[in-house]
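When reading the values below, keep in mind they use all heavy atoms of this one structure, side chains included, and skip hydrogens, waters and symmetry mates. Proteins get letters first, then strands, A, B, ... in listed order; numbering begins at 1 in each.
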Amino acid sequence: MRWSQAFIPTLRDDPTDAEAASHKLLVRAGFIRQLMAGVYTLLPLAYRSRRKIQQVIEEEIDAIGGQEFLFPSLHPAEIWRKTGRLDVMGDEMFRLVDRKAGEVVLGMTHEEIFTTIATEITSYKQLPQLWYQIHTKFRDEPRPKSGLLRVREFTMKDSYSFDLDQEGLDRAFDAHYAAYTRIFARLGLDAIPVEASSGAMGGSGSVEFMVRAEAGEDLVAHCPNCDYAANVEKAVSEVPPITDEAGPAAPEKFATPGVRTIEDLVEFPGGAAASRQIKTLVYMLDGEPALVLLRGDHPLQEQKLQDRTGALDFRPAHPDEIAELLGADAGSLGAVGVTGVRILADESLRGRTNMTTGANENDFHLRGVSIDRDITVDEWFDIREVQAGEPCVDCGEPIEIFRAIECGHIFKLGVKYSEPLGAMVLDEHGKTRPIYMGSYGIGLERNLAAVVETHFDEKGIAWPVTVAPYEAVVTVLRLDEETLETAEEMYGQLRDAGIDVLIDDRNERPGVKFNDAELVGIPYRMTIGPRGLAEDIVEINERATGVTDRVAVGEAVAHLVARIEAERR
RNA sequence: CGGGACGUAGCGCAGCUUGGUAGCGCGCAUCGUUCGGGACGAUGAGGUCGCCGGUUCAAAUCCGGCCGUCCCGACCA
């Protein structure tokens, strides 16, 4: 490709509305343009990179036995109704009505649709099967952001495994785990597998592949010592035991004027340390109020609460709902003596005595509260969010918490979809059994953005060869006859050698060409100018390191081809 | 959904307080001089000032409504 003819609209300024590095750079370097909130056009450079990611994924999924399909994006709402997910997905699902008033949805994932085809599997002899596609997903995200990191229309590789039993599913899951590890490595991503919440997908277990990045929207708890890693939505840590005094025979009410927060009560004379307080939160779970109890210094992890309770509709209660329920405002709430309301408590409160909590009367608290004696806890859960520095459950070392991008997610689904949709087989004893399923997803554009998030500097993007839109650019410094002729010769030879190469034949000054090549992030630049040619040399510059080698004209192509091929993987 | 901000040329912005000819930088076009790290000069093209309505002799500017976009919190590849 000739740069003079290529549509590579680079910009001098960062777009104002971009925050994330990948967002700024992909716009500025001419890879993407926004069409509307969370919807982007991939310009030729981005499309080339995405195709390379796609190629890597196809190779690795094919290598574990994947068969590639292409499923529709338009789905009848009815299929989603059968598994109950028409409601679960809520407003995140794009819905439309066709001319015959039929309810139609746009696919946001494809468990139901793949399973519909899988009903044609009738015998255990046909198992296992591993099916996948690389296609568009639509999700009406409440808040698209950060360029390609979180969008409403995107490309996903989604695969689905079909096995006779749990052991088969485990094997398919492990095969994907290994394939994903290879995929991310080839893309130049340092992806950490972490335990994750399964959310709306359901099933028995899931692993997310997380890439550490400032622009990431997930928090990962990680132990640097033993490599324990989990999404904070799932992560656990040790809670050092606390020895309480027995306390009084019954709770004692005391006045706490103006005390509204845990911190206020810590400071208040006659108050209590945060670890000796009971925090009382009110949540509406599917329309029903529930008290949620935690230690004063422990934050609630809402995803855990949602996972444990299975609530679909889920929100903190409004102030008026709280007042009506408990007769006091947030800041003076407690669970002592409360009946007729579901009370959920975090495990760390078990057996605690002599605690302090709100009295359900504004400006009053109770001290000397013993959980078992004074509060009717209906359900005990692990619902607290782990904090950096807490001891690792496996080795006791302090855990760290960092931001990360979820680049892939693999799920053990079990029979959640096969049973309601009737994907059954006869086993070797002639018995009807539901197929065990897994599902496995990688968002292509998000991975593209994740590569940028981890491969850039002040000059622009620095693509790994495996994802770069072009592997090399031949930069022609002067368009005089001799220089141009040599450059064309090199360009032709590189193309013949199978290199994805651009020739920058624009009538621009060298600085413009250097800056554009560095902004776009092409891994190797062959610089050809009259000065070098006078000495029979060209320069080969590596974008990532900035290192420039002077190479004899006659050896330059072979030199560059060898380096690029070594990095293709 | 709750909170905050913004919408003026392809991109980045000023003008709005105090109503009266729509401006700057970059980019773009033509010509000339330049040419190993975003050149210089000359000439020029390009804007329904987000949309609808109101006030006014007159609205980018004042008022009302709507739409769009971004950012911060609750959701996911």
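- Shown here for Thr309(A) and Leu344(A), the closest heavy-atom pair between the two residues is CG2-CD1, 3.8 Å.
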What's the verdict on side-chain hydrogen bond (donor to acceptor under 3.5 Å, both in side chains) for His135(A) and Thr155(A), showing C-alpha distance, side-chain angles and the deciding distance? CA-CA 5 Å; His135(A) 201 209; Thr155(A) 314; over 6 Å; no

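- For the C1' atoms, the distance from A59(B) to C76(B) is 46 Å, rounded to whole Å.
- Stacking of Arg315(A) on the aromatic ring of Tyr283(A) is not recorded, the 6.0 Å distance cut-off and the 45° axial limit not both being met.
- Between Phe209(A) and Pro193(A), the closest heavy-atom pair is CE2-CB, 4.0 Å.
- Using a 4.0 Å heavy-atom distance criterion, Glu141(A) is classed as a base contact.
- Pairing each heavy atom of Arg33(A) with each of Val27(A), the nearest pair is NH1-O, 2.8 Å.
- Base pairing annotation: A9(B) forms no Watson-Crick or G-U wobble pair, as no partner gives both donor-acceptor distances under 3.5 Å.
- Nucleotide G32(B): paired with C40(B) (Watson-Crick or G-U wobble, both distances less than 3.5 Å).
- No engagement by Asn447(A) is indicated, since no non-hydrogen atom pair under 4.0 Å with the nucleic acid exists.
- Of the candidates A74(B), A77(B), C71(B), A74(B) carries the atom nearest the Glu302(A) side chain, counting heavy atoms from C-beta on.
- Base pairing analysis places C1(B) opposite G73(B); the two distances defining the Watson-Crick or G-U wobble pair are each below 3.5 Å.
- Annotation: U8(B) and A45(B) have their P atoms spaced 23 Å apart (nearest Å).
- Put simply, CE on Met36(A) is 7 Å from P on U69(B), counting in whole angstrom units.
- Here the separation of G65(B) from C72(B), taken at their P atoms, is 27 Å to the nearest Å.
- Distance Ile8(A) CD1 to C28(B) P: 15 Å, rounded to the nearest Å.
- Between U34(B) and A42(B), the distance separating the two C1' atoms is 15 Å to the nearest Å.
- Open room surrounds CD on Glu482(A); 12 or fewer heavy atoms of other groups in view lie less than 6.0 Å from it.
- Remark on RNA chain B: of its neighbouring residues Ile442(A) and Ser146(A), the 5'-side contact belongs to Ser146(A), judged by nearest-heavy-atom nucleotide.
- Pairing of A14(B), defined by two Watson-Crick or G-U wobble distances under 3.5 Å, is not identified with any nucleotide.
- OP1 or OP2 of A74(B) has not a single side-chain nitrogen or oxygen of Gln306(A) nearer than 4.0 Å.
- Here G73(B) presents its P atom at 10 Å from CG of Leu219(A), a figure rounded to the nearest Å.
- Taking the six-membered ring where the residue is Trp, the centroids of Tyr160(A) and Trp131(A) are separated by 6.0 Å or more.
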Residue pair Arg139(A), Glu153(A): steps toward the salt bridge (charged side-chain N to carboxylate O under 4.0 Å, His left out) verdict: CA-CA 6 Å; Arg139(A) 297 186 184 177; Glu153(A) 174 179 342; over 6 Å; no

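- Look at the C1' atom in both C70(B) and G12(B): the space between them is 16 Å, to the nearest Å.
- Residues passing the side chain to side chain contact (heavy atoms under 4.5 Å, CB included) test with Val538(A) are Met490(A), Met526(A), Ile528(A), Leu533(A), Val553(A), Ala556(A), sequence neighbours excluded.
- In terms of position on RNA chain B, the residue among Glu217(A) and Lys145(A) whose nearest nucleotide sits closer to the 5' end is Lys145(A).
- One can place CG of Leu35(A) at 13 Å from P of G68(B), the figure rounded to the nearest angstrom.
- Asp504(A) pairs in a side chain to side chain contact (heavy atoms under 4.5 Å, CB included) with only one of the listed residues (Val512(A), Val474(A), Val473(A), Leu477(A)), which is Val473(A).
- Annotation: C63(B) and U56(B) have their C1' atoms spaced 12 Å apart (nearest Å).
- One can place CZ of Phe209(A) at 13 Å from C1' of A77(B), the figure rounded to the nearest angstrom.
- A60(B): no Watson-Crick or G-U partner with both key distances under 3.5 Å is found in any strand.
- Across all strands shown, U48(B) forms no Watson-Crick or G-U wobble pair with both distances under 3.5 Å.
- Comparing the C1' positions of G46(B) and G4(B) gives an interatomic distance of 35 Å, to the nearest angstrom.
- What separates CD of Glu92(A) from P of C1(B) is a distance of 15 Å, to the nearest Å.
- With hydrogens and angles disregarded, no donor-acceptor distance shorter than 3.5 Å links the side chain of Arg506(A) to the backbone of Lys513(A).
- Each of A77(B), C71(B), C70(B) was ranked by its minimum atom distance to the side chain of Glu19(A); first place goes to C71(B).
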What string of B, S and - do you get for nucleotides 32-37 of chain B, 5' to 3', if B is base contact, S is sugar-phosphate-only contact and - is no contact with any protein heavy atom under 4.0 Å? --BSBB

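- Side-chain atoms of Arg143(A) stay outside donor-acceptor range of the base of C1(B), with no qualifying N/O pair under 3.5 Å.
- Rounded to the nearest Å, the gap between the C1' atom of C6(B) and that of C13(B) is 13 Å.
- Taking atom OH of residue Tyr160(A) and atom P of nucleotide A77(B), one finds them 10 Å apart after rounding to whole Å.
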Given protein heavy atoms under 4.0 Å, the one-letter contact record of nucleotides 5-12 of chain B, with B base, S sugar-phosphate only and - none, is simply -------S

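- A donor-acceptor contact under 3.5 angstrom links the side chains of Glu453(A) and Ser22(A), judged on distance only.
- Taking only side-chain nitrogens and oxygens, Lys137(A) never comes nearer than 4.0 Å to OP1 or OP2 of C76(B).
- Regarding Asp307(A), its CG atom lies at a distance of 16 Å from the P atom of A74(B), rounded to whole Å.
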